[in-house]
Amino acid sequence: MIDKIEVENFIQDLAKVAKVRVEVAESLEKIAQTLETAEFVGKETSGEFGLNREIEDMKASSKNLREGVFRLMVLGDMKRGKSTFLNALIGENILPSDVNPCTALLTVLRYGVEKKVTIYFNDGKNPEDLDFQSFKRNYTIDPTEAKKLEKEKKQAFPDVDYAVIEYPLPLLEKGVEIVDTPGLNDTEDRNELSLGYINNCHAILFVMRATQPCTLGERRYLENYIKGRGLSVFFLINGSDQIRESLIDPDDLEELAEASAKIRKVFYANLAEYCIVDGQDIYPERVFEISSLPSLRRRIKDSFASLEGTGFPEFMGALNTFLTKERAAQEFRQAQTLASQANSRMKEAIARRKPLLDEDVNELKVKINSVEPEFKKLTEIRDQFQEEIRTVRDKKAKIVADSFRSYILNLGDTFETDFLRYQPDLNFMDFLNKEKRETFETELKKAFEQYINDKLSAWTITVENEMDAAFLQLSRRAAHYGASYNTVTDKITEKITGKKVKSFSNSATEDDSPAWAKWAMGLFSLARGNIAGMAMAGVGFDWKNILLNLVTVAGIGTIIATVSGITLGPIGLALLGLGVGVMQADQARKKLVQVTKKELVKHLPQVAQEQWQPVYDAIKECFDIYEGEVSERIDDDIQSRKRELDNLLKQKEEREINRGAELARFQQLEIDVSSEYENIETVCDNFLKAVA
């Protein structure tokens with residue numbers, strides 16, 4: 001049973017997360033500063049340790065935590081009450097939510113000390129600052145106009161990229177950022193824009209209408225853009241209070257219960273498959289019946305008014321659990337691991353340095369020369385892993401590109417069945433009427449565009465599965481090469497110092513792989529998920545966004561441009577030749593599919609051939625980025641180890657090292673770094689225990 005929680009409690013929990021973020025960020029920054037100072041001092045004493053990568057990662061991670069937000073994306077068709085829901089959620093009537101106007105822009109709500117709206121354009125114009133009244137007046141449209149634009153495949157404001165609303169609201173101040181979207185059927189381009197933002201959000205709030213359960217458009221969007229993508233979705237069934245109004249006798253409680261039960265069955269039948277996580281049915285934790293308008297009215301009068309009976313307390317409780325427990329816990333565990341890694345690396349460097357402080361310069365030179373073969377082996381390990389990445393890259397790029405070509409070429413095999421649900425809901429004889437023909441053609445083109453979009457979206461899910469498998473394979477190989485790498489670095493340490501240096505991992509369960517291998521295994525990446533903002537140290541590897549930008553959008557646009565513009569002429573001639581009559585209507589429907597299929601099949605080979613290379617290049621790009629980052633990190637590690645020895649030798653050649661002072665400095669360095677690391681451990685552990 002979901003605990004009921006009022007909005008203010010949610011804000012309090014967000015405040016706790018924000019507080020921990022700041023505390024952890026401060027400790028990470030202090031570790032970075034301490035290591036940076038130690039490296040600076042080392043230039044004049046026994047030499048630097050070569051911890052530049054750790055310092056860089058600490059600073060970037062600290063910055064990410066300070067700027068961290070929970071980003072929520074609100075999706076839903078037009079007139080589902082998205083803006084009313086958002087206004088009720090944040091407690092003020094910010095977004096246009098009157099009876100008629102529709103939100104026409106993708107809008108980001110974030111915290112700001114001053115209330116303002118900024119419009120960002122896509123044509124090079126400078127951003128425009130507006131007051132709220134001007135924003136509502138200039139950038140909302142009437143539903144009738146929205147439908148007209150939809151039919152014409154036009155955007156209301158084609159020169160606008162998005163809008164940002166800054167507002168001094170508690171919910172936003174405590175680390176929530178909300179992305180509000182136009183209706184799902186605004187245009188296919190808008191759907192692609194929304195899809196681009198999906199991968200950068202922690203959760204999707206999908207708003208539906210209780211009195212219009214699961215429309216064709218909603219089912220289509222869920223099937224093609226949500227299903228199978230590992231996204232966290234909350235379904236909000238808005239306007240549940242309006243079911244009573246649709247009854248013949250609103251006071252008949254039995255009739256109301258029966259109507260509500262029927263609607264719930266419809267939603268469950270359509271949404272249950274989207275609420276399975278790790279084999280568990282979490283439908284009660286993801287689907288909520290809410291009443292946005294009554295909630296907004298209460299909150300406008302009193303921002304802390306009870307929302308009992310509106311569905312908001314239950315929803316807020318589930319969202320609170322998801323964000324402040326599940327997502328925040330993962331974020332802080334990653335910060336703990338990053339701090340632990342830096343602490344271990346620093347201690348190991350000190351342990352290697354201590355035995356060498358009294359080493360004779362000539363003896364040290366001999367020892368450094370003696371480990372050249374080991375450094376060569378480290379380079380060979382890098383080269384071997386690079387070669388494996390490239391082999392997987394070339395294989396997967398060809399597999400995916402070939403699958404794209406086959407998929408496109410085979411579209412004609414199932415077209416007649418697949419296209420049935422996309423056919424325009426029009427009287428086919430309208431085509432014979434010149435005045436209505438333009439509308440018919442527009443609807444037909446839109447139907448074909450939706451069909452192509454959906455088919456390619458389905459294909460991208462198979463690509464994601466291929467890429468998941470590929471990076472899982474590389475993750476395992478990274479662990480293998482990391483173990484080999486550690487064996488060699490241990491040998492270097494033993495030959496230089498004359499003894500083994502123990503691992504300084506901070507727990508028995510902690511992986512002692514080198515830092516580059518941990519990154520390659522996905523410890524600080526998004527390679528196998530959609531957890532926005534979790535890319536520690538600023539090096540997250542999100543291949544899904546790369547694919548979205550390089551494959552999906554380009555591929556869809558090319559196919560539509562190549563095929564849809566050609567099919568209408570032949571279809572028109574075919575329909576005109578049928579004549580007029582009741583019997584001909586059914587013939588026209590069949591003829592439409594037949595001619596469309598014929599034209600489609602005619603052009604598919606060209607599309608498949610032309611798009612093979614762009615798809616291949618897009619997949620290759622994903623692996624090239626991965627390989628580049630892995631190689632850079634391995635090189636950094638090898639060079640830092642070499643510099644560590646070279647710096648010590650240089651210092652010994654130039655001056656006598658004060659052994660006592662250095663040992664004292666090392667001791668203080670360990671105390672300072674360990675203190676901040678332990679603080680991170682304590683703060684994070686206390687938080688995780690509190691939310692468990």
Side-chain angles (χ1 to χ4, degrees), residues 1-7 74-86 88-89 97 99 183-185 203-227 231-299 305-322 421:
M1 183 71 180
I2 299 171
D3 292 332
K4 293 189 176 182
I5 182 169
E6 297 292 352
V7 175
V74 182
L75 289 174
D77 213 339
M78 289 186 295
K79 308 312 295 176
R80 293 299 183 266
K82 298 193 302 296
S83 295
T84 303
F85 158 72
L86 279 175
L89 180 68
S97 59
V99 175
L184 297 181
N185 291 320
I204 297 168
L205 311 183
F206 201 104
V207 182
M208 309 176 86
R209 176 68 69 177
T211 53
Q212 295 174 284
C214 297
T215 65
L216 180 62
E218 289 168 336
R219 290 199 299 272
R220 173 186 168 247
Y221 198 91
L222 290 171
E223 176 74 19
N224 294 289
Y225 296 118
I226 303 298
K227 186 177 180 180
L231 303 171
S232 300
V233 186
F234 290 83
F235 295 98
L236 306 175
I237 314 304
N238 195 19
S240 57
D241 53 306
Q242 296 175 5
I243 297 175
R244 179 190 295 270
E245 300 173 11
S246 65
L247 302 178
I248 297 175
D249 182 2
D251 297 323
D252 187 334
L253 298 182
E254 186 175 340
E255 184 184 3
L256 175 61
E258 184 179 345
S260 298
K262 287 182 179 179
I263 290 173
R264 290 190 183 107
K265 286 183 180 179
V266 173
F267 278 112
Y268 184 81
N270 284 278
L271 303 181
E273 63 181 309
Y274 301 98
C275 302
I276 304 296
V277 176
D278 296 330
Q280 299 294 315
D281 181 2
I282 58 170
Y283 190 89
E285 300 166 38
R286 288 294 185 267
V287 182
F288 299 91
E289 298 174 11
I290 62 171
S291 301
S292 295
L293 189 56
S295 300
L296 177 58
R297 287 169 176 165
R298 292 186 203 179
R299 295 205 68 195
S306 172
L307 299 182
E308 191 71 25
T310 66
F312 266 79
E314 291 82 356
F315 162 63
M316 295 293 280
L319 184 62
N320 182 15
T321 297
F322 175 76
R421 65 191 182 104

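Atoms considered below: every heavy atom in the structure, side chains included; atoms not considered: hydrogens, waters and symmetry mates.
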Of all the heavy-atom pairs spanning [X] and [Y], show the shortest one and how long it is.
| X | Y | answer |
| --- | --- | --- |
| Val207 | Val74 | CG2-CG1, 3.9 Å |
| Gly76 | Lys82 | O-NZ, 3.2 Å |
| Arg286 | Val233 | CD-O, 3.0 Å |
| Asp281 | Ile276 | CA-CD1, 3.7 Å |
| Ala88 | Ser292 | CB-O, 3.7 Å |

Excluding sequence neighbours, so at least two apart, what forms side chain to side chain donor-acceptor pair (under 3.5 Å) with [X]?
| X | value |
| --- | --- |
| Thr215 | Glu218 |
| Thr321 | none |
| Glu273 | Lys227 |
| Ser291 | Ser240, Asp241 |

Measure the shortest side-chain to side-chain distance between [X] and [Y] over non-hydrogen atoms and say whether it is less than 4.5 angstrom.
| X | Y | value |
| --- | --- | --- |
| Leu89 | Met316 | yes |
| Leu222 | Phe235 | yes |
| Val287 | Cys275 | yes |

In chain order, what residues pass the side-chain contact (heavy atoms from CB on, under 4.5 Å) check against Arg209, with sequence neighbours excluded?
->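 Result, side-chain contact (heavy atoms from CB on, under 4.5 Å) vs Arg209: Arg80, Thr211, Gln212, Asn238, Gln242.
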Quick one: list whatever passes side-chain contact (heavy atoms from CB on, under 4.5 Å) with Val266, sequence neighbours left out.
->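 If we apply the side-chain contact (heavy atoms from CB on, under 4.5 Å) test to Val266, skipping adjacent residues, the hits are Pro213, Asn270.
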Working to the nearest 0.5 angstrom, can you tell me the gap between [X] [atom1] and [Y] [atom2]?
| X | Y | atom1 | atom2 | result |
| --- | --- | --- | --- | --- |
| Leu205 | Phe288 | CG | CZ | 10.5 Å |
| Leu293 | Phe85 | CG | CZ | 14.0 Å |
| Leu296 | Ser83 | CG | OG | 10.5 Å |
| Cys214 | Ile237 | SG | CD1 | 6.5 Å |
| Leu75 | Ile226 | CG | CD1 | 6.0 Å |

Return each pair, listed once, that meets salt bridge (charged side-chain N to carboxylate O under 4.0 Å, His left out) where at least one residue sits in residues 287-297; pairs must be two or more places apart or across chains.
-> Arg264-Glu289
Can you name the residues that form a salt bridge (Lys or Arg N to Asp or Glu O under 4.0 Å) with Lys265, not counting sequence neighbours?
-> none
Taking the inter-plane angle between the rings of Phe206 and Tyr221 on a 0 to 90° scale, is it parallel (under 30°), tilted (30 to 60°) or perpendicular (over 60°)?
->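 Phe206 and Tyr221: tilted rings.
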Pairs where residues 261-286 contributes a residue and the test ring-ring contact (aromatic ring centres under 6.0 Å, His included) is met, not counting sequence neighbours | Tyr268-Tyr283
